[in-house]
Amino acid sequence: MSDVLIADDHPLFRDALQRAVLAAVPGAAVHAADSVPALFALIESMPEADLLLLDLHMPGARGYSALAHIRGQYPGLPTIVVSGHEEAQIARRALAHGASAYIPKSAAVETIVEAVRTVLDGDVWLPPQLVLGHVELKADEADVAARVASLTPQQFRVLNMIAEGLLNKQIAYDLGVSEATVKAHMTAIMRKLGVSNRTQVALAASHLDVEKEALPGIAEGK
């Protein structure tokens, strides 16, 4: 029996993906997560899963950050990115970050079934309208992706909370840990990212944004 993981925070689309997976792989065991922390727990409990369908935009991640982290931590887990974006550039960047396929959320069930079967057969898949062109990651984006991949799951959560502009005390409250623990994570994150302060951490994370939008103001945490 195949174990397939679905990570998406929209219940209706999650159900649609599950139906497509079962059509592609009858009898598969489908396991769902509605946030990145829940996904990490799922992967840790099922390290031998056969496939992951990952929404680019879900609680606990920014842009390609979750994809980069998961590909670094679990290189043997084929990952299909699903997203509301339909731009070829965004799809090709997902493949450059290690995704095995990219499915726009507007895709028909038959298209999702084809993508799932193709990836499980060991191939890479893109919808026909997004096949043309080639994207190579810029050096700074590739470097940040590799560094993000080296973070622990908890450090990854802290990184994304910093990028959202949360203060240390807010992060500590949300994670149920002390501020001293958050500061220890901050130190480790800065070391792994090769930066020296909180603002540089957030700027580094911005390299993995889908549209590379300007970051909101980042406050120094106390």
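All values derive from a computational prediction rather than experimental measurement. The first residue in the sequence is number 1, and the count goes up from there.
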Legend entry - pair L52-L39: side-chain heavy atoms closer than 4.5 Å: yes
Legend entry - Under-4.0 Å salt bridge between R93 and E141: yes
Inset, instruction - With the side chain counted from C-beta on, respond yes when Q154 and T181 share a heavy-atom pair under 4.5 Å apart, and no when they do not. - result: no
Inset, instruction - Please name all residues satisfying ring pair (Phe, Tyr, Trp, His ring centres under 6.0 Å) with F40, sequence neighbours left out, ordered by chain then number. - result: H69, F156
Inset, instruction - Please tell me if the side chains of I103 and P127 come closer than 4.5 Å, counting only heavy atoms from C-beta onward. - result: no
Inset, instruction - Go through the structure and list residues passing side chain to side chain donor-acceptor pair (under 3.5 Å) with S35, not counting sequence neighbours. - result: none
Inset, instruction - Please identify each residue that fulfils side chain to side chain donor-acceptor pair (under 3.5 Å) with D123, with sequence neighbours left out. - result: none
Legend entry - Contact check, side chains of V182 and K169, non-hydrogen atoms, under 4.5 Å: no
Inset, instruction - Would you mind reporting whether R157 and V36 have side-chain heavy atoms less than 4.5 Å apart? - result: no
Inset, instruction - Please tell me if the side chains of L167 and I171 come closer than 4.5 Å, counting only heavy atoms from C-beta onward. - result: no
Donor-acceptor list for residues 184-194 side chains, cut-off 3.5 Å, not counting sequence neighbours:
residue	atom	partner	partner atom	Å
T187	OG1	K183	O	3.1
K192	NZ	S150	O	3.1
K192	NZ	Q155	OE1	2.9

Legend entry - Any R198 side-chain heavy atom under 4.5 Å of N168 side chain: yes
Inset, instruction - Would you mind listing the cluster partners of Y173? Hydrophobic ones only (ILVMFWY), side-chain contacts under 4.5 Å, chaining allowed. - result: none
Inset, instruction - Apply side-chain contact (heavy atoms from CB on, under 4.5 Å) to S2 and L51, showing your working. - result: CA-CA 8 Å; S2 297; L51 180 66; over 6 Å; no
Inset, instruction - Output yes when a side-chain donor or acceptor of R71 lies under 3.5 Å from a complementary backbone atom of G98, and no otherwise. - result: yes
Anything under 3.5 Å between a donor and an acceptor, one on a side chain of residues 107-114, the other on a protein residue two or more places apart or in another chain? List them.
residue	atom	partner	partner atom	Å
E114	OE2	W125	NE1	3.1

Legend entry - side-chain contact (heavy atoms from CB on, under 4.5 Å) between Y64 and V144, worked out: CA-CA 11 Å; Y64 302 98; V144 169; over 6 Å; no
Legend entry - Residues in side chain to side chain donor-acceptor pair (under 3.5 Å) contact with Q200, at least two apart in sequence or another chain: S196
Legend entry - Pairwise distance CG(L208) to CG(L56) - rounded to 0.5 angstrom: 11.0 Å
Legend entry - Counterpart residues, side chain to side chain donor-acceptor pair (under 3.5 Å), relative to R14 (two or more places apart): none
Inset, instruction - For the residue pair D34 and D8, establish whether any side-chain heavy-atom pair is separated by less than 4.5 Å. - result: no
Inset, instruction - Please identify each residue that fulfils ring pair (Phe, Tyr, Trp, His ring centres under 6.0 Å) with H10, with sequence neighbours left out. - result: none
Inset, instruction - Applying salt bridge (Lys or Arg N to Asp or Glu O under 4.0 Å), name anything that partners D143, two or more places apart in sequence or on another chain. - result: R147
Contacts under 3.5 angstrom, residues 72-83 side chains, donor-acceptor by atom type, not counting sequence neighbours:
residue	atom	partner	partner atom	Å
Q73	NE2	A149	O	2.6
Q73	NE2	L151	O	3.3
T79	OG1	L77	O	3.1
S83	OG	H85	N	3.0
S83	OG	Y102	OH	3.3

Could you give the side-chain donor-acceptor pairs of residues 16-32 under 3.5 Å, partners two or more places apart or in another chain?
residue	atom	partner	partner atom	Å
H31	NE2	D3	OD1	3.0

Inset, instruction - Provide the closest heavy-atom pair for A99 versus L67 in the form atom of the first, atom of the second, distance. - result: CB-CD2, 4.2 Å
